[in-house]
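Reading through the structure tokens given below for one structure.
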Amino acid sequence: MNILNHDKIKLRIAESLHAAIEKYETGTTLNDIYTALGFPPDANFGHYAYPCFILSKALRNAPNKIAEKLAIEVDTNEAIESVIAAGPYVNFKIRPAFLGVNTCDEVLNGTMFTRTLAEQTPKTMIEYSQPNTHKELHVGHMRNICLGDALVKLHQYCGFDIISSTFPGDVGAHVAKCLWYLKYHNTDPIPTENKGAWLGTLYTKGHLKLESEIGTPQEAENKKQLSEVLTQLEHEAGEFYDMWKETRQWSIELMNNVYRWAGVHFDRWYWESEVDVPSVALVKKYYEQGLFVESKGTIGIDLSEYDLGFCMLIKSDGHGLYATKDIELARRKFEDFKIEKSVYVVDKRQAHHFAQVFKTLELMGFEHADKCYHLQYDYVELPDGAMSSRKGNIVPIMDLIDQMHASLKNGHLDKYKDEWTTEEMDNTADFIAKGAIKYGMIKIDPAKKIVFDMKEWLKTDGDAGPYLQYTYARINSMVKKLGGDVTGNVDWSSMEEEVAKHVMVKLSDFNNQAVQACLNSKPNILCTYLYELCKVFNTFYNHRSIRDEENKTIQATKLELSKCVAIAIKKGLGLLGIPVPDRM
RNA sequence: GGUCCGGUAGCUCAGCUGGAUAGAGCACCAGCCUUCUAAGCUGGGGGUCAUUGGUUCGAAUCCAAUCCGGAUCACCA
């Protein structure tokens, strides 16, 4: 998957360099140069840097000599203001007018965000969020939702045709335990609202009760009752089946509440219950054909020659497993949507499971088996270990959201309580809560685990979502206050202060970062970029007052540049699923 | 034990397709609001990039070994 040379600034520098390097016949292509261009560690060196080590061998010359030579041979032009050799690097300073026309103007008119960024964009399904009904959604699920949603949006931004899907688990032992407890042991009245969360607590109680009664005379009776629940669910008839239909809806309502809050949408909800029976039938078919074998009363496939052990597909009681369903589901995804690639956003504990599933699909002759990818991430845990609904040590998503709202209203937003309507207060708190929670989930590299600490999460300063939202709101406010009084004409060439040029250079990097975040499946790259953009802007903002600027041209241009930053923040946060408040 | 993933400042992390003096945030210290939003800005202290060896002109980054932590390896999902 190639990234296209969409960055007009870098492309122009690369062209200038290429013209100088070409005559030495080193075989260095325009593309090589474009790719090698980077940023100097200290902005005082210049805006872009070209390292000359690469040419050293071909030219049989020391890198710093080459740099000196190139610095003389590369001419300044409408884009390049100066070329300076610094050790083995050639550093370029770009004219503000060129930066303005190719970056700011394009941000303002929107063309910056419609450039073609990636060469190959196969039609892809991204499956994320695999919650269970009859359990409560916790902050661990939130990481998955934030990550999955950001990936969907980033891919769409980069030109991919994306189908989003979710795969909730609405059948299985957890459902039976929950219904069992509800029927035989629950003494609470059924609440009128938040039934889904309440149901989740019953699952935990049920599980714990069953555990505690193992080895007691009660155990046999429990097993008998549980098995009756499962039988009724399987035959889709009886009291428990009716309970299942009703309680399932409570859980779906909870999921919908969370998804609504997060602003995520799924093109297709695949239910475990819909693939359960067909998946067992599929396995039996392949068993008869001889691909799958019997072992210890179960049916599965021996993958030990691939170091993947035995992949069990039908238990000795005749029921299927998670892998069974995923095999049937994989097939359906390609069939239902004619996709070319299938991505599963699931935490790393399932790595072995997916390795087995994909290998099994391959051996079954499934032509798209090599187009299935498990995108693994590390999960969220608590200071005292992994979260588990079974043990009941979870932080429900709604608790985090509620505490965040309260903390914001009693904190920074308190100063607006006499000025704002209740509605604006609630909306703003909600936007900032989304900024804090989603940014917090996404900014960490997916490969690293998150240890959740509520106290830390309620902080909104420093490298956090609210900082970026604050920068947006601040620009918005400034534009509102100054807008009418600024009468000068915009002229990018007036942006001679280094801080202003840094803002423009940083802005021009937007698409490079977005495409990296997308193709590497690391949305945290975009977080870092947006944070740095805000950092550079705030330095610029504090450096010299725009309001008090006497030169009308500079004043108008700086205000316009500020607008560009606001647009980029809004666009970038949008790709992460984070909204921006007009004021905060 | 096999496989996979992590180990960078007191804490949380970025940098990892090799390149300039290893960067942020939090915490700590010193400054900046008669307001373009202080959820901000400026400056300061703080590092054996787990360890050892290798490849290279050059290694936090690549390779190997070792140590620490975690996940996973047949009837849960």
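In the text below, chain A, chain B and the rest are named by the order of the sequence lines, each starting its count at 1.
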Assign A/Asn538 to base, sugar-phosphate, or nothing according to its heavy-atom contacts below 4.0 angstrom with the strands shown. sugar-phosphate

Below 4.0 angstrom from OP1 or OP2 of B/A39, is there any side-chain N or O of A/Thr460? no

Heavy atoms under 4.0 Å, any strand shown: does A/Ile475 hit a base, just sugar-phosphate, or nothing? nothing

Looking across every strand, which nucleic acid part, if any, lies under 4.0 Å from A/Pro40 by heavy atom: base, sugar-phosphate, or nothing? base

Side-chain atoms of A/Lys535 come closest, of B/U17, B/C41, B/A39, to B/C41

Kindly state whether the ring of A/Phe540 and the ring of A/Phe537 have centres lying under 6.0 angstrom apart. yes

Looking at every strand, decide which applies to A/Pro41 at a 4.0 Å heavy-atom threshold: base, sugar-phosphate, or nothing. base

Which of A/Arg143, A/Lys348, A/Lys449 passes side chain to side chain contact (heavy atoms under 4.5 Å, CB included) with A/Tyr377? Answer is A/Arg143

Using whole Å, what does the distance between atom P of nucleotide B/C11 and atom CZ of A/Phe452 come to? 21 Å

Interatomic distance, A/Ile546 CD1 vs B/U37 P [rounded to whole Å]: 10 Å

Looking at every strand, decide which applies to A/Ala355 at a 4.0 Å heavy-atom threshold: base, sugar-phosphate, or nothing. nothing

Looking at side-chain heavy atoms only, is the closest gap between A/Gln356 and A/Phe310 below 4.5 Å? no

Among B/G25, B/G70, B/G15, the nucleotide that comes nearest once only the side chain of A/Asp445 is considered: B/G15

Mind calculating the distance between CD1 (A/Ile84) and P (B/A20) to the nearest angstrom? 19 Å

Counting only side-chain heavy atoms from C-beta out, which of B/A39, B/U37, B/A14 sits nearest to A/Met478? B/U37

Would you say the side-chain atoms of A/Thr29 and A/Asp32 include a donor-acceptor pair closer than 3.5 Å? yes

Residues A/Tyr322 and A/Glu272: side-chain donor-acceptor under 3.5 angstrom: no

Could you work out the separation of B/C49 and B/G18 based on their C1' atoms and round it to a whole Å? 15 Å

Base, sugar-phosphate or nothing for A/Lys481? Non-hydrogen atoms, less than 4.0 Å. sugar-phosphate

What's the OH-P distance between A/Tyr377 and B/G6, to the nearest Å? 17 Å

The side chain of A/Lys448 is closest to which nucleotide in this list: B/A39, B/C13, B/U37? B/C13

Could you check whether A/Ile450 gets within reach of a base, just the sugar-phosphate, or nothing at all, counting any heavy atom under 4.0 Å? nothing

Can you tell me the distance, in whole Å, between the OH atom of A/Tyr541 and the P atom of B/C33? 15 Å

Is A/Lys359 positioned over the aromatic face of A/Tyr306, cation under 6.0 angstrom from the ring centre and no more than 45 degrees off axis? yes

Of the candidate nucleotides B/G25, B/A39, B/C13, which contains the atom at the shortest distance from the side chain of A/Asp463? B/G25

Of all residues at least two apart in sequence or in a different chain, which pass the side-chain hydrogen bond (donor to acceptor under 3.5 Å, both in side chains) check with A/Glu498? A/His47, A/Lys501, A/His502

So, OP1 or OP2 of B/C26: does either fall under 4.0 Å of a side-chain N or O from A/Lys459? no

RNA chain B nearest-nucleotide lookup for A/Thr528 and A/Val90: closer to the 5′ end is A/Thr528

Between B/U37, B/A39, B/C13, which one does the side chain of A/Arg474 approach most closely? B/U37

Counting the atoms with a prime plus P, OP1 and OP2 as sugar-phosphate, which does A/Tyr531 contact under 4.0 Å by heavy atoms, base, sugar-phosphate, or nothing? sugar-phosphate

Quick check on RNA chain B: between A/Pro63 and A/Ile432, whose nearest nucleotide comes earlier from the 5' end? A/Ile432

Show me, range against range, the stems involving RNA chain B, built from at least 3 consecutive Watson-Crick or G-U pairs below 3.5 Å. B:1-7 with B:67-73, B:10-13 with B:23-26, B:28-32 with B:40-44, B:50-54 with B:62-66

Between the protein and nucleotides 74-77 of chain B, which nitrogen or oxygen pairs are less than 3.5 angstrom apart?
from  : atom 1 : to       : atom 2 : distance (Å)
B/A74 : N1     : A/Ser295 : OG     : 2.7
B/C75 : O2     : A/Ser316 : N      : 2.9
B/C75 : O2     : A/Ser316 : OG     : 3.2
B/C75 : N3     : A/Ser316 : OG     : 3.3
B/C75 : N4     : A/Lys296 : O      : 3.1
B/A77 : O3'    : A/Glu272 : OE1    : 3.0
B/A77 : O3'    : A/Glu272 : OE2    : 2.5
B/A77 : N1     : A/Gln350 : OE1    : 3.2
B/A77 : N1     : A/Gln350 : NE2    : 3.4

Going by the angle between their ring planes, with limits at 30° and 60°, are A/Phe354 and A/Phe358 parallel, tilted or perpendicular? tilted

Can you identify which nucleotide, out of B/A20, B/A14, B/C26, has its nearest atom closest to the A/Asn524 side chain? B/A14

Using whole Å, report how far CZ of A/Phe537 lies from P of B/U42. 13 Å

Give a yes/no on whether any side-chain N or O of A/Tyr467 is located under 4.0 angstrom from OP1 or OP2 of B/C41. yes

Taking the six-membered ring for Trp and the single ring otherwise, decide whether the centroids of A/Tyr50 and A/Phe92 are under 6.0 Å apart. no

Syn or anti for B/C73 (syn when the glycosidic angle lies within 90° of 0): anti

Under 4.0 angstrom, heavy atoms only, what part of the nucleic acid is A/Asn91 near: base, sugar-phosphate, or nothing? base

Hey, does A/Tyr344 have a side-chain heavy atom less than 4.5 Å from the side chain of A/Asp326? yes

Verify the stacking flag for A/Phe45 against B/A20: centroid separation must be under 5.5 angstrom and the ring planes must differ by under 30 degrees. yes

Side chains of A/His138 and A/Ser389: donor-acceptor distance under 3.5 Å anywhere? no

A/Met387 CE to B/A71 C1': how many Å, rounded? 15 Å

Whole-Å gap separating P (B/U12) and CG (A/Asp453): 11 Å

Whether A/Thr539 contacts B/U42 is assessed here as follows: a side-chain N or O lying under 4.0 Å from the phosphate OP1 or OP2. Is that the case? yes

So, A/Asn31 versus A/Asn5: side-chain donor-acceptor pair below 3.5 Å or not? yes

